Amino acid sequence: MVKEFWINLPTKDIGKTRTFFKAIGFTENSQFSENPTMASFFVGDKNVVVNFFPETLFKSFSGNEIADTTKGTEALFSIDAQSPSEVDELAKKAVAAGAVLYANPGEKDGWMYGCGFSDHDGHRWNVLFMDFSKMPQQ
């Protein structure tokens, strides 16, 4: 039985990663806050763990090349928002911390509101509010 789930990502700069994700509101895992080879954060109410490792270390245990995020999307990490204003607020925080918006905040299909940004390593993040009361029924 799976007890926990972690996301592990490579980074070019642990310091920038710590600064960026603290600035957008992720909770730093204090167990690793001083570790020079790892940055770790808790995300959301369920405390999903997102770990970042320097690219060379990440490559040593992933057994594969690091994805070139300038040429393709390795994954899309989605963050739940409780309102459109929360989407807007996180988009502003992300840009202020150095992210690039690839999708401006806006409505989609009449029941979703979201945005998308890339962090300094090119990892893509999606922030989404879904109003299920307006979701089309099939």
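In what follows, every heavy atom counts, from backbone to side chain, and hydrogens, waters and symmetry copies are set aside. Quick caveat, the model's predicted, so the values are computed rather than measured.
- Residues Asn51 and Ser40 approach most closely at OD1-OG, 2.7 Å, considering heavy atoms.
- The CG atom of Asn126 sits 4.5 Å away from the CG atom of Leu76 when rounded to the nearest 0.5 Å.
- The residues Lys93 and Glu89 are annotated as salt-bridged, a charged nitrogen and a carboxylate oxygen being separated by less than 4.0 angstrom.
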Listing, residues 115-122 side-chain donor-acceptor contacts under 3.5 Å, not counting sequence neighbours, or none:
residue : atom : partner : partner atom : Å
Asp119  : OD1  : Asp121  : N            : 2.8
Asp119  : OD1  : Gly122  : N            : 3.1
Asp119  : OD1  : His123  : N            : 3.0
Asp119  : OD2  : Trp125  : NE1          : 3.1
His120  : NE2  : Thr17   : OG1          : 3.1
Asp121  : OD1  : Lys12   : N            : 2.9
Asp121  : OD2  : Thr11   : OG1          : 2.5

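- Side chain to side chain, Asp88 and Tyr113 meet the donor-acceptor criterion of an N or O pair below 3.5 Å.
- Using a 4.5 Å cut-off on side-chain heavy atoms (C-beta onward), Asp131 and Met112 make no contact.
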For this session: Take Phe20 and Phe26, measure what side chain to side chain contact (heavy atoms under 4.5 Å, CB included) needs, and give me the verdict at the end.
Result: CA-CA 9 Å; Phe20 178 82; Phe26 284 21; over 6 Å; no

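- Contact of the Met130 side chain with the Trp111 side chain is registered, since non-hydrogen atoms from C-beta on lie closer than 4.5 Å.
- A 4.5 Å side-chain heavy-atom check between Val95 and Leu101 finds at least one atom pair inside the cut-off.
- A 4.5 Å side-chain heavy-atom check between Asn29 and Phe42 finds at least one atom pair inside the cut-off.
- Side chains of Ser62 and Asn64: no donor on one and acceptor on the other come within 3.5 Å.
- Two residues are said to be in side-chain contact when any heavy atoms from C-beta on lie closer than 4.5 Å; Glu65 and Lys59 meet this criterion.
- With a 4.5 Å cut-off on side-chain heavy atoms, Phe41 and Thr27 do not count as touching.
- Between the Arg18 side chain and the Met38 main chain, a donor and an acceptor come within less than 3.5 Å of each other.
- For the pair Arg124 and Tyr102, the cation-pi test (distance below 6.0 Å, angle within 45°) is passed.
- Heavy-atom minimum distance, Val50 versus Val43: CG2-CG2, 3.7 Å.
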